[in-house]
Amino acid sequence: MLSYNSVLKQIYDLQEFSIKLGLDNIHALADYLNNPQKTYPVIHIAGTNGKGSTAYFLSRILIACGFRTGLYTSPHLMDYRERIRIDNQLIEKEYIADYWKIVKSLVLNRKATFFDTTTALAFDYFRHKNVDVAVVETGLGGRLDSTNIVEPETVVITPVNYDHEKQLGTDLKSIAKEKAGIIKPGCDVISSGQEQVVLDIIKNHLKDSNKFYYLKYHINYDILESNLNGSIFTLKDTIHGLTFPGLKTPQIGDFQVANIALAYFVARLFSKKRSKTIDQNILTRVLEKETWPGRLQVISRTPGIFIDVSHNLHGINATLSFLSKFIKKEKLHIMIGLVRDKDYKGIAKTICTYAASITVCEPDTERKLDGKIFTREIKKIQKNVQFSKDSRQAYDSIRVKLKHDESLLVIGSHYLAGTLLKIINLT
């Protein structure tokens with residue numbers, strides 16, 4: 001019998017088939033498994049930034065309401081099993097090994113991708129465990145994403161911006177069309193704040209059978225305090241006439257309050273249909289103890305060490321704009337690594353605006369951007385930059401030199417963040 005590690009290696013080896021948008025293979029896998037994704041309600045989430053955090057907080061609120069909740073997100077940070085969880089418990093290694101025995105021949109014969117295979121695993125696992133609801137995050141885009149075989153009760157679209165232009169298109173209109181491609185007849189559609197061109201595209205995808213909710217017309221939030229310890233805010237649900245004062249979250253970043261507000265509203269609509277309510281105690285309990293790892297995660301306070309998985313220009317700019325309120329440029333050092341499909345020239349300009357020094361590394365993935373190319377681009381703007389092939393060595397070198405009033409931000413890729421979190425957890 002194959003060991004779990006052997007099975008996992010074979011699943012990772014599927015990455016040689018690279019990113020292959022299209023639904024033929026996932027349909028074939030789902031059909032082979034008797035279409036498990038049709039056996040439970042699905043909340044389907046697309047967007048450029050914030051969809052992982054929104055999915056996480058949504059799942060935690062639903063769990064607190066008493067729903068057995070499946071969560072499918074990607075990519076993972078340290079453990080493949082992070083992608084698939086029920087009530088925040090990771091999928092069992094034994095289940096993955098058993099699943100691989102069942103689907104291996106079909107996967108290899110069809111050259112199904114790593115993401116196809118993992119998505120089908122999540123859908124099958126959720127049925128096997130009898131979830132009340134599955135929160136499913138798209139991997140890339142929406143219309144041709146492997147997750148888009150679900151028949152969602154609710155579709156959620158977080159802010160849409162530029163990313164994965166090679167696959168999704170080079171203008172915001174094209175990208176928005178791909179994201180809005182997850183909208184199906186009859187589902188509720190909930191969107192957070194969007195550029196007008198994106199909002200127009202979403203509305204164009206709506207049918208008479210869809211109910212559309214634009215978040216800012218239904219939810220207001222007032223941030224009372226926001227710093228490197230988290231946020232305190234008041235949430236106002238105008239559609240239901242509810243106010244939740246003094247909510248606290250240790251999750252850093254004003255933008256995370258927006259994600260929490262969206263997660264609350266989606267959970268409220270889902271719960272209301274099932275005659276369950278979300279009260280102050282539920283929100284307080286969830287928010288005070290829950291954080292989504294790798295999202296401006298605090299590793300150290302003195303000196304400051306933060307790890308963030310923001311990996312496109314819009315996300316990186318949002319993170320650095322927030323940090324700049326509390327950390328001066330001359331006190332901030334950045335360690336960064338990107339994958340190839342990012343706007344590395346735009347990102348170079350942004351990080352040079354905020355950092356005293358920059359160390360370029362390469363994420364642990366075949367899709368990595370050549371660090372020397374990125375370093376040369378940064379050198380056109382700022383001289384205090386270096387390239388290191390060894391991310392662990394680079395991290396250790398920066399960390400020991402940090403003064404007590406300085407900070408290090410590791411940013412740019414889930415793959416880089418995951419590598420360093422593994423190192424930190426082992427030391």
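For the single chain, residues carry numbers from 1 onward in sequence order.
Applying the ring pair (Phe, Tyr, Trp, His ring centres under 6.0 Å) test to pairs two or more places apart or on separate chains, none has a residue in residues 188-212. Screening residues 378-406 for ring pair (Phe, Tyr, Trp, His ring centres under 6.0 Å) gives no qualifying pairs among residues at least two apart or on separate chains. Among residue pairs with one or both ends in residues 263-272, those qualifying as side chain to side chain donor-acceptor pair (under 3.5 Å) are Asp237-Tyr264, His240-Lys272, Tyr264-Arg268; sequence neighbours excluded. Residue pairs satisfying the ring pair (Phe, Tyr, Trp, His ring centres under 6.0 Å) criterion with at least one member in residues 405-425, sequence neighbours excluded, are listed as follows: His311-His414. Every pair passing side chain to side chain donor-acceptor pair (under 3.5 Å) that includes a residue from residues 377-390 is listed here, sequence neighbours excluded: Thr359-Gln386, Glu362-Lys389, Glu377-Lys380. Legend: salt bridge (Lys or Arg N to Asp or Glu O under 4.0 Å) pairs involving residues 209-223, not counting sequence neighbours: none detected. Listed by first and then second residue, the side chain to side chain donor-acceptor pair (under 3.5 Å) pairs that reach into residues 68-87 are Tyr12-His76, Tyr72-Thr119, His76-Arg83, Asp79-Arg81, Tyr80-Thr118, Arg85-Asn88, sequence neighbours excluded. Pairs passing the salt bridge (Lys or Arg N to Asp or Glu O under 4.0 Å) check and including a residue from residues 50-62, sequence neighbours excluded, read Lys51-Glu137, Arg60-Glu290.
Residue Lys329 places its NZ atom among more than 12 non-hydrogen atoms of other residues, nucleotides or ligands, all under 6.0 Å distant. By the neighbour-count criterion of 12 heavy atoms within 6.0 Å, atom NZ of Lys403 is sparsely surrounded, having that number or fewer from other residues, nucleotides or ligands. Within a 6.0 Å radius of CD in Glu366, no more than 12 heavy atoms belonging to other residues, nucleotides or ligands are found. Atom NZ of Lys248 sits in a sparse spot, with 12 or fewer heavy atoms from other residues, nucleotides or ligands closer than 6.0 Å.
A donor-acceptor contact shorter than 3.5 Å is absent between the side chain of Thr234 and the backbone of Pro245. In this structure, the side chain of Glu406 does not engage the main chain of His333 through any donor-acceptor pair within 3.5 Å. In terms of modelled atom types and a separation under 3.5 Å, the side chain of Ser231 and the main chain of Ser226 share no donor-acceptor contact. Remark: side-chain polar atoms of Thr113 are paired, donor with acceptor, to backbone N or O of Asp116 under 3.5 angstrom. Under a 3.5 Å cut-off, the side chain of Lys179 and the backbone N or O of Gly47 do form a donor-acceptor pair. Arg301 places a side-chain N or O within donor-acceptor distance of the main-chain N or O of Leu228, the cut-off being under 3.5 Å. In terms of modelled atom types and a separation under 3.5 Å, the side chain of Thr54 and the main chain of Gly50 share a donor-acceptor contact.
For Asn148, the side chain to side chain donor-acceptor pair (under 3.5 Å) partners two or more places apart in sequence, or in a different chain, are Lys184. Taking the side chain to side chain donor-acceptor pair (under 3.5 Å) definition, one finds that Tyr40 meets it with nothing, sequence neighbours left out. Residues passing the salt bridge (Lys or Arg N to Asp or Glu O under 4.0 Å) test with Lys273 are Glu153, Asp188, sequence neighbours excluded.
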Distance-only criterion, 3.5 Å: show the donor-acceptor pairs between side-chain atoms of residues 313-320 and protein atoms not counting sequence neighbours.
from	atom 1	to	atom 2	distance (Å)
His314	ND1	Asn49	ND2	3.0
Thr319	OG1	Asp308	OD2	3.1
Thr319	OG1	Ser310	OG	3.0
Thr319	OG1	Gly315	O	3.2

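Minimum heavy-atom separation, Leu416 to Gly337: CD2-N, 3.5 Å. Between Pro41 and Arg274, the closest heavy-atom pair is CG-NH2, 3.8 Å. Contact record, Cys187 with Thr154: CB-N, 4.3 Å, taken as the closest heavy-atom pair. Residues Leu29 and Ala112 share a closest heavy-atom pair of CD1-CB, 4.2 Å. Scanning both residues, Ile43 and Leu58, for their nearest heavy atoms gives CG2-CD2, 3.8 Å. The shortest non-hydrogen separation linking Leu420 to Met335 is CD1-CE, 3.8 Å.
With Ser391 as reference, Thr419 is the one residue of Val410, Thr419, Val360 to meet the side chain to side chain contact (heavy atoms under 4.5 Å, CB included) rule. With respect to Phe123, the side chain to side chain contact (heavy atoms under 4.5 Å, CB included) criterion is satisfied by exactly one of Val42, Val136, Leu33, Thr39: Val136.
Side-chain N/O atoms of Gln256 and Asn259 include a donor and acceptor closer than 3.5 Å. In summary, the side chains of Asp145 and Thr147 do present a donor paired with an acceptor at a separation below 3.5 Å, with no hydrogens or angles considered. Side-chain N/O atoms of Asn281 and Thr284 include no donor and acceptor closer than 3.5 Å.
We find the CD1-CD distance between Ile201 and Glu195 to be 13.0 Å, quoted to the nearest 0.5 Å. Here CD1 of Ile381 is found 8.5 Å from OG1 of Thr350. Values are rounded to the nearest 0.5 Å. To the nearest 0.5 Å, the span separating CZ on Phe126 from CD1 on Ile86 amounts to 6.0 Å. Atoms OH and CG, from Tyr213 and Leu269 in turn, are 5.0 Å apart once rounded to the nearest 0.5 Å. Residue Phe374 holds its CZ atom at 11.0 Å from SG of Cys361, rounded to the nearest 0.5 Å. Rounding to the nearest 0.5 angstrom, the gap separating the CG atom in Asn35 from the CD1 atom in Ile149 is 6.5 Å.
A heavy-atom distance below 4.5 Å is not found between the side chains of Thr243 and Leu235. Ile157 is listed as a side-chain neighbour of Gln194, based on a closest heavy-atom distance under 4.5 Å. Considering only heavy atoms from C-beta on, Ser407 comes within 4.5 Å of Phe306 through its side chain.
Taking the six-membered ring for Trp and the full ring otherwise, the centers of Phe270 and Phe67 sit less than 6.0 Å from each other.
We find that Glu92 and Lys129 are joined by a salt bridge, their nearest charged nitrogen and carboxylate oxygen being less than 4.0 Å apart. A salt bridge between Asp200 and Lys203 is absent, with no side-chain N of the basic residue lying under 4.0 Å from a carboxylate O of the acidic one. The pair Glu178-Arg143 counts as a salt bridge, with a side-chain nitrogen and a carboxylate oxygen less than 4.0 angstrom apart.
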| request: Given side-chain contact (heavy atoms from CB on, under 4.5 Å), test Arg295 with Thr291 step by step and report yes or no. | output: CA-CA 8 Å; Arg295 281 70 181 175; Thr291 57; over 6 Å; no
| message | salt bridge (Lys or Arg N to Asp or Glu O under 4.0 Å) for Asp132 and Lys276? Distances and angles first, verdict last. | response | CA-CA 13 Å; Asp132 297 318; Lys276 291 194 178 185; over 6 Å; no
| request: Carefully, step by step, assess Phe322 and Phe326 under the rule ring-ring contact (aromatic ring centres under 6.0 Å, His included). | output: CA-CA 8 Å; Phe322 175 78; Phe326 312 100; 5.2 Å; yes
